[in-house]
**Student:** 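One structure, as structure tokens, below. Some questions next.
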Amino acid sequence: MPDKPFFSIIIPVFNGAATLSDALNSILNQTFTNYEVIVIDGLSTDNTMSVINSYAKELPLQYLSEPDKGIYDAMNKGIKLSCGDWLYFMGSDDTLYDTEVLSAIHQELSNNSCHLIYGNVIGQLSNTKYAYDTVDRVLTEGLHHQSAFYRRTLFEELGGYSNSFKIAADYHFTLKVFVSKLHKTHYVNIDICLYGESGFSSQNYDYKFYSYHYKFLSKNNALKQTPAYQKCLDDSVYCCLYLAMNKTDTLFAWQNLLFYLFRKNTFTFKHKIKKGIQMLKWSILNNR
């Protein structure tokens with residue numbers, strides 16, 4: 001293998017012994033082999049480390065096993081350990097779609113100068129294909145990190161993943177790339193990954209991030225690219241109210257809601273007053 005890998009494949013894992021072998025086998029079977037694998041284990045209590053060790057001679061693999069602050073803390077650790085020009089993040093319950101994925105992406109990158117290249121993902125349980133093939137869809141609907149390959153310089157320029165968002169920090173980072181005038185993104189109609197739908201991020205919703213979603217787009221002058229901006233605004237306000245009702249990140253929720261109430265948007269004055277009163281009510285009342 002060349003001294004410097006082209007791809008760094010980073011896998012955060014915690015108690016993933018049941019599925020990790022499938023993920024590693026999907027890498028091992030790739031026809032393109034100029035890669036490294038970095039597994040960041042959160043000090044698992046099952047047989048995860050045994051699985052990792054069993055692949056030590058088959059894959060160009062390094063690992064770190066220690067407590068972490070969650071998946072994005074683990075991913076940031078993986079970034080620091082990585083050497084590849086392009087970074088790819090997959091879960092321990094994900095598998096690359098077929099044996100040609102890395103080869104196909106490498107070929108595309110040979111013909112396109114970009115900072116982020118992305119394709120499609122397919123849910124393992126639902127068999128749903130997610131193809132966010134336009135910028136406006138990415139800005140309003142999201143993007144699975146399993147579909148994207150990131151030039152490593154992005155993390156040097158934009159920083160790592162924010163640990164303040166527990167589920168959607170990957171989407172937050174991806175949005176920073178898409179709204180930047182300095183960075184180019186490129187969509188390819190290639191199926192990248194079969195992603196596990198039973199993990200924490202698939203089963204939960206990041207109300208904190210989505211309370212901030214519209215504000216982020218507005219402050220980065222990206223609303224004109226998002227035809228569904230009204231739904232995005234409504235959803236962000238709803239998430240502010242949800243956080244207040246559950247007494248979670250209330251200050252952050254208020255900061256976002258005040259932005260929506262005092263900035264020009266499609267809300268009427270009456271509607272803004274109504275939402276402000278609702279927010280105050282949920283913030284004061286004990287909902288237990």
**Student:** Side chains of I167 and I71, heavy atoms from C-beta outward: is any pair under 4.5 Å?
**Tutor:** no
**Student:** What about F178 and Y118, are their ring centers closer than 6.0 Å?
**Tutor:** yes
**Student:** Can a donor-acceptor pair be found between the side chains of D93 and T19 at a distance below 3.5 Å?
**Tutor:** no
**Student:** Output yes when a side-chain donor or acceptor of S8 lies under 3.5 Å from a complementary backbone atom of G84, and no otherwise.
**Tutor:** yes
**Student:** Between E66 and K77, is there a side-chain heavy-atom distance shorter than 4.5 Å?
**Tutor:** yes
**Student:** Tell me whether Q124 contacts the main-chain N or O of L194 through its side chain, where contact means a donor paired with an acceptor under 3.5 Å.
**Tutor:** yes
**Student:** Is it true that a side-chain atom of D41 and a backbone atom of S65 form a donor plus acceptor pair closer than 3.5 Å?
**Tutor:** no
**Student:** Start with the C-alpha distance between Y161 and Y72, add both sets of side-chain angles, then the distance that settles ring pair (Phe, Tyr, Trp, His ring centres under 6.0 Å), and finish with yes or no.
**Tutor:** CA-CA 6 Å; Y161 292 109; Y72 299 111; 5.8 Å; yes
**Student:** Minimum heavy-atom separation for Y229 to L223, with atom names?
**Tutor:** CB-CD2, 4.2 Å
**Student:** What I want to check is whether the side chains of N53 and S50 have a donor and an acceptor closer together than 3.5 Å.
**Tutor:** no
**Student:** Could you walk me through whether F7 and Y88 satisfy the ring pair (Phe, Tyr, Trp, His ring centres under 6.0 Å) test, starting with their C-alpha distance in whole Å, then the side-chain angles of each, then the deciding distance to 0.1 Å, before giving a yes or no?
**Tutor:** CA-CA 7 Å; F7 294 113; Y88 178 72; 8.2 Å; no
**Student:** Should F269 and V237 be counted in the same cluster of Ile, Leu, Val, Met, Phe, Trp and Tyr side chains packed under 4.5 Å apart?
**Tutor:** no
**Student:** Cation over ring, K208 on F252, under 6.0 Å and within 45°?
**Tutor:** yes
**Student:** Measure across S211 and L243 and return the closest heavy-atom pair with its distance rounded to 0.1 Å.
**Tutor:** OG-CD1, 3.7 Å
**Student:** How about T99 and Q30: does a side-chain donor come under 3.5 Å of a side-chain acceptor?
**Tutor:** no
**Student:** Below 30° counts as parallel, above 60° as perpendicular, anything between as tilted: where do the rings of Y130 and H144 land?
**Tutor:** tilted
**Student:** With side chains defined as the heavy atoms from C-beta onward, is the minimum distance between W282 and N246 less than 4.5 Å?
**Tutor:** no
**Student:** Could you walk me through whether Y132 and T134 pass side chain to side chain contact (heavy atoms under 4.5 Å, CB included), step by step?
**Tutor:** CA-CA 6 Å; Y132 300 107; T134 63; over 6 Å; no
**Student:** Do any N or O atoms from the side chain of N265 and from the backbone of Y260 form a donor-acceptor pair under 3.5 angstrom?
**Tutor:** yes
**Student:** Check whether any side-chain N or O of Y150 sits under 3.5 Å from a backbone N or O of F155 as a donor-acceptor pair, and report yes or no.
**Tutor:** no
**Student:** Indicate, with yes or no, if L280 and Y238 share a hydrophobic cluster defined by side-chain heavy-atom contacts under 4.5 Å among Ile, Leu, Val, Met, Phe, Trp and Tyr.
**Tutor:** yes
**Student:** Is D85 salt-bridged to K4, cutoff N-O under 4.0 Å?
**Tutor:** yes
**Student:** Determine yes or no for a side-chain-to-main-chain donor-acceptor pair under 3.5 angstrom, with S218 supplying the side chain and Y214 the backbone.
**Tutor:** no
**Student:** On a heavy-atom basis, which atom in L109 and which in C114 lie closest, and how many Å separate them?
**Tutor:** CD2-SG, 3.8 Å
**Student:** Locate the shortest heavy-atom distance separating Y97 from V101; write the atom from each residue and the value.
**Tutor:** N-CG2, 3.8 Å
**Student:** Ignoring hydrogens and geometry, is there a side-chain-to-backbone donor-acceptor pair from S236 to Y210 under 3.5 Å?
**Tutor:** yes
**Student:** So, do K275 and L261 sit near enough that their side-chain heavy atoms are less than 4.5 Å apart?
**Tutor:** yes
**Student:** Is there a donor-acceptor pair closer than 3.5 Å between any side-chain N or O of N220 and the backbone N or O of V179?
**Tutor:** no
**Student:** Ignoring hydrogens and angles, tell me if any N or O in the side chain of S103 forms a donor-acceptor pair with the backbone of E100 under 3.5 Å.
**Tutor:** no
**Student:** Can you see which heavy atom on C232 is nearest to which on H213, and at what distance?
**Tutor:** SG-ND1, 3.6 Å
**Student:** Counting N and O atoms only, with roles assigned by atom type, does the side chain of K176 sit under 3.5 Å from a partner on the main chain of L158, one being a donor and the other an acceptor?
**Tutor:** yes
**Student:** Taking the six-membered ring for Trp, is the centroid-to-centroid distance between H145 and F173 below 6.0 Å?
**Tutor:** no
**Student:** Step by step, would you call D191 with K129 a salt bridge (Lys or Arg N to Asp or Glu O under 4.0 Å)?
**Tutor:** CA-CA 9 Å; D191 294 334; K129 177 180 284 194; 3.1 Å; yes
**Student:** Quick one about D94 and Q146 (side-chain donor to acceptor, distance below 3.5 Å, no hydrogens or angles considered), yes or no?
**Tutor:** yes
**Student:** Starting from W254, can I reach F262 by hopping between I/L/V/M/F/W/Y residues whose side chains sit under 4.5 Å apart?
**Tutor:** yes
**Student:** Between the side chains of R152 and S82, is a donor N or O closer than 3.5 angstrom to an acceptor N or O?
**Tutor:** yes
**Student:** Would you please name every residue forming a ring-ring contact (aromatic ring centres under 6.0 Å, His included) with F267, sequence neighbours left out?
**Tutor:** H271
**Student:** Are T48 and F14 close enough that some pair of their side-chain heavy atoms sits under 4.5 Å apart?
**Tutor:** no
**Student:** Step by step, would you call H172 with F216 a ring pair (Phe, Tyr, Trp, His ring centres under 6.0 Å)?
**Tutor:** CA-CA 9 Å; H172 176 233; F216 175 90; 5.7 Å; yes
**Student:** Give a yes or no on whether the ring-centroid distance for Y35 and F6 is below 6.0 angstrom.
**Tutor:** no
**Student:** Might you confirm whether atom CG of N127 has over 12 heavy atoms from other residues, nucleotides or ligands at distances under 6.0 Å?
**Tutor:** no
**Student:** Among side-chain atoms of N120 and Y187, is any donor-acceptor pair under 3.5 angstrom?
**Tutor:** yes
